[in-house]
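Hydrogens, waters and symmetry mates are skipped; everything else that's a heavy atom, side chains included, is used.
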Protein chains: 2
Amino acid sequence: MPTDLPRRKRATIHDVAVESGVSRGTVSRVVNGEKYVSAEARIAIEAAIIKVGYVPNSAARSLVLQRSLAIGFLVHEPHSLFVEDPNIGNILLGANQTLSLADYQMVSLIIDTERDTERVARYLSGGFVDGVIVVSARENDPLTRLIERLGLPATFVGHPPDLRQLPFVGINNRGSARAITNQLVATGRKRIGMVAPAMDRDSGSDRMAGFRDALGDRFDPALVASVPFYSFSSGLAGMRELLQRDPLIDGVFAAADSVAAGAVEALREAGRRIPEDVGIVGFDDSSWALRTQPPLSTVHQPATELGEAAARSVLSQLRGEEPNLAGIILDSPVVWRASA
Amino acid sequence: MPTDLPRRKRATIHDVAVESGVSRGTVSRVVNGEKYVSAEARIAIEAAIIKVGYVPNSAARSLVLQRSLAIGFLVHEPHSLFVEDPNIGNILLGANQTLSLADYQMVSLIIDTERDTERVARYLSGGFVDGVIVVSARENDPLTRLIERLGLPATFVGHPPDLRQLPFVGINNRGSARAITNQLVATGRKRIGMVAPAMDRDSGSDRMAGFRDALGDRFDPALVASVPFYSFSSGLAGMRELLQRDPLIDGVFAAADSVAAGAVEALREAGRRIPEDVGIVGFDDSSWALRTQPPLSTVHQPATELGEAAARSVLSQLRGEEPNLAGIILDSPVVWRASA
DNA sequence: TTGTATGCGTTATCAA
DNA sequence: TTGATAACGCATACAA
């Protein structure tokens with residue numbers, strides 16, 4: 001039987017004060033590293049803190065300070081996306097890094113069900129976080145409305161069309177899609193198709209718009225296969241369909257690297273050589289891009305930097321600065337490799 | 001210029017009480033859905049709540065209740081792993097699902113630097129969470145020690161060797177590795193190698209031990225390529241090395257599907273057919289397993305279920321039940337496909 | 001059924 | 001430089 005050490009009650013400032021023979025006020029000053037406390041008091045108190053194992057209670061501190069020093073990171077994704085999307089991890093890491101430097105604790109909340117939505121709403125309303133970063137909000141998202149109502153400092157990564165008065169960071173999906181399609185055209189391809197994922201999101205439809213921009217008159221709706229997700233299997237299915245619709249296709253824009261990887265597999269199945277028979281380009285420059293054979297030409301999405309920028313944006317709001325409602329757009333250059 | 005609606009101060013119970021003409025105590029009772037409150041009072045209060053936009057302050061509630069109704073989910077991973085590991089997402093989702101049903105808010109904290117460790121320590125100590133789920137703790141982890149000292153209800157996913165008195169959930173890595181290696185042997189392979197990732201973690205070394213168990217006398221250390229991470233590129237490098245060491249190799253155990261996928265690529269480079277020339281098996285049954293050509297034979301790791309079990313374990317501790325220190329081991333059956 | 005009063009652990013104001 | 005003491009917003013025991 002394990003030694004059943006009774007979980008001692010947490011020591012409070014009061015305990016430290018008693019132990020060291022000073023008042024609670026003085027202890028508080030030491031804990032917060034303020035000036036105007038005598039050397040001897042400080043020494044006695046520091047010893048007492050260790051002795052009684054004091055650790056400050058954040059709930060009490062939040063209550064009086066009216067802030068928690070924590071920032072929420074909301075992820076609102078269907079299962080598969082959260083598990084497969086390589087960008088989200090980097091956004092998370094970038095945001096955490098910046099918040100960490102400012103001594104803010106980042107807490108990620110994942111929203112997966114209706115029930116989650118309500119609980120997270122309570123969490124946000126309750127003062128557990130001072131601000132929030134939101135990735136992949138959907139259009140008409142109840143949490144977006146809540147954040148607006150609460151006046152909670154927030155920054156979105158990407159911008160759902162109904163965002164209106166809230167700041168966001170993002171990339172120029174349309175312009176980058178246009179740019180890489182242009183480069184694909186420049187390689188001399190004649191029949192260029194697109195595997196178009198996630199048309200229900202702004203990122204998806206914007207990339208499609210850019211593709212269309214670049215092709216102009218040569219755009220052929222019959223050469224666009226719309227697929228639901230940013231995923232490998234979506235790419236596999238989409239490319240198979242495209243090959244069936246037009247076996248002579250010689251260029252493909254797969255609007256996410258994971259999708260492109262699936263498309264590459266479908267092309268290989270069909271015995272097409274890359275880039276000799278068909279040139280293919282992706283989007284994201286995620287780890288997928290270097291896994292295909294040959295490596296993908298793609299658009300570099302600065303995921304880490306997006307996280308950092310979002311974090312900086314909420315921190316600046318916390319300092320009382322006016323948020324940039326026009327949005328912060330980061331560069332997303334084409335990186336050309338061997339797949340086209 | 002946007003209409004600058006001044007962010008109203010948050011309404012309190014007091015405001016509701018004034019608005020509805022009753023005492024704060026009664027309001028509190030309504031908010032918490034208690035009995036013994038007259039219908040008319042309830043109606044008036046509910047109207048007032050909506051009118052003033054009252055939402056309870058969780059910090060204050062935590063303080064008096066001495067609990068936060070939140071559970072931490074600690075992720076302690078080097079960058080690359082967090083971004084690439086497909087299991088962690090499922091563990092997260094499983095845990096969130098179970099906690100959500102119990103009306104607990106799961107908050108994920110990611111630990112990436114020394115600074116993060118200290119901040120998270122403060123966060124855990126400060127009463128922001130009632131318990132914690134820890135994935136991928138390392139040996140000699142300061143947070144493990146902290147959790148012990150705090151007596152914070154906790155459950156680990158996987159078990160660092162120095163865990164001692166803390167409950168955990170996991171799978172039988174060694175047994176499953178042995179089982180799948182045995183099946184590989186049974187296909188008639190004569191020269192079987194292993195790409196062995198993450199030997200510095202218990203999961204890595206246990207899988208290696210199982211491989212060795214299965215091979216017995218036929219185990220040849222020269223046919224083991226140790227690689228640092230559970231990643232595609234590790235698999236690629238490891239398999240290339242193995243092929244160089246022994247071009248006649250005809251069977252491979254790559255101890256994670258991501259690693260196996262990399263190995264498949266290396267084999268393809270080398271012109272080896274799968275499974276005709278060499279049979280390969282993986283571990284995890286992650287989405288990688290269905291992306292290789294042919295699909296991987298592997299060990300099914302019940303990631304979602306591990307998350308659920310971990311969540312159930314901390315919840316039971318919160319109810320005051322004694323934790324199962326012997327560990328909860330879930331089934332991880334071999335799933336045989338076409339790669340061997 | 002309702003109101004009053006007290007305490008949860010901190011910080012901050014004001015005298016001393 | 002230090003010590004009282006009053007908030008912070010809520011729940012609850014007790015009285016009414």
(message) Closest-nucleotide mapping onto DNA chain C: is B:Gln66 or B:Tyr36 further toward the 5' terminus? I mean the 5' end.
(response)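 Result: B:Tyr36.
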(message) Need two values: the first and the last nucleotide of DNA chain D, 5' to 3', having an atom under 4.0 Å from any heavy-atom of chain B.
(response) D:dG9 to D:dA13
For [X], all residues meeting salt bridge (Lys or Arg N to Asp or Glu O under 4.0 Å), sequence neighbours excluded:
X: A:Glu321; answer: A:Arg319
X: A:Arg115; answer: B:Asp103
X: B:Arg119; answer: B:Asp116
X: A:Glu19; answer: A:Lys51

(message) Going by the rule side chain to side chain donor-acceptor pair (under 3.5 Å), which residues pair with B:Ser203 if we only count those two or more places apart in sequence or in a different chain?
(response) B:Tyr230
(request) Please identify each residue that fulfils side chain to side chain donor-acceptor pair (under 3.5 Å) with B:Thr98, with sequence neighbours left out. (result)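 In terms of side chain to side chain donor-acceptor pair (under 3.5 Å), with neighbours along the sequence ignored, B:Thr98 is linked to no residue.
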(message) Once ring pair (Phe, Tyr, Trp, His ring centres under 6.0 Å) is applied, what residue pairs with a partner in residues 147-169 of chain B remain, sequence neighbours excluded?
(response) B:His159-B:Phe168
(request) Using the ring pair (Phe, Tyr, Trp, His ring centres under 6.0 Å) rule, collect all pairs that involve residues 16-41 of chain A, keeping only residues at least two apart or in two chains. (result) none
(message) Please determine whether side chain to side chain contact (heavy atoms under 4.5 Å, CB included) holds for the pair B:Thr304 and B:Leu93, giving the CA-CA distance in whole Å, both sets of side-chain angles, and the decisive distance to 0.1 Å.
(response) CA-CA 7 Å; B:Thr304 307; B:Leu93 257 12; 5.6 Å; no
(request) Look at all strands and tell whether A:Val55 reaches a base, only sugar-phosphate, or nothing, counting heavy atoms closer than 4.0 Å. (result)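 Sugar-phosphate contact only - A:Val55 comes under 4.0 Å of backbone atoms but never of a base.
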(request) Would you classify A:Ala59 as touching base, sugar-phosphate or nothing, given that sugar-phosphate means primed atoms plus P, OP1 and OP2, and contacts are heavy atoms under 4.0 Å? (result)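 No contact.
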(message) Base contacts versus sugar-phosphate-only contacts with protein, heavy atoms under 4.0 Å: please encode nucleotides 11-16 of chain C as B, S and - from 5' to 3'.
(response) SB----
(message) Whether B:Ser38 contacts C:dT2 is assessed here as follows: a side-chain N or O lying under 4.0 Å from the phosphate OP1 or OP2. Is that the case?
(response) yes
(request) Give a yes/no on whether any side-chain N or O of B:Ser23 is located under 4.0 angstrom from OP1 or OP2 of C:dG3. (result) yes
(request) Round to a whole Å and report the spacing from CG of A:Asn57 to P of C:dC8. (result) 12 Å
(request) Could you name each residue pair satisfying side-chain hydrogen bond (donor to acceptor under 3.5 Å, both in side chains) that touches residues 63-73 of chain B, not counting sequence neighbours? (result) B:Ser68-B:Asp130
(message) Under a 3.5 Å cutoff, is there a donor and acceptor pairing between the side chains of B:Thr155 and B:Gln317?
(response) yes
(message) Could you work out how much the helix from C:dT1-D:dA16 to C:dA16-D:dT1 bends, comparing the axis of its first five pairs with that of its last five, to 10°?
(response) 40°
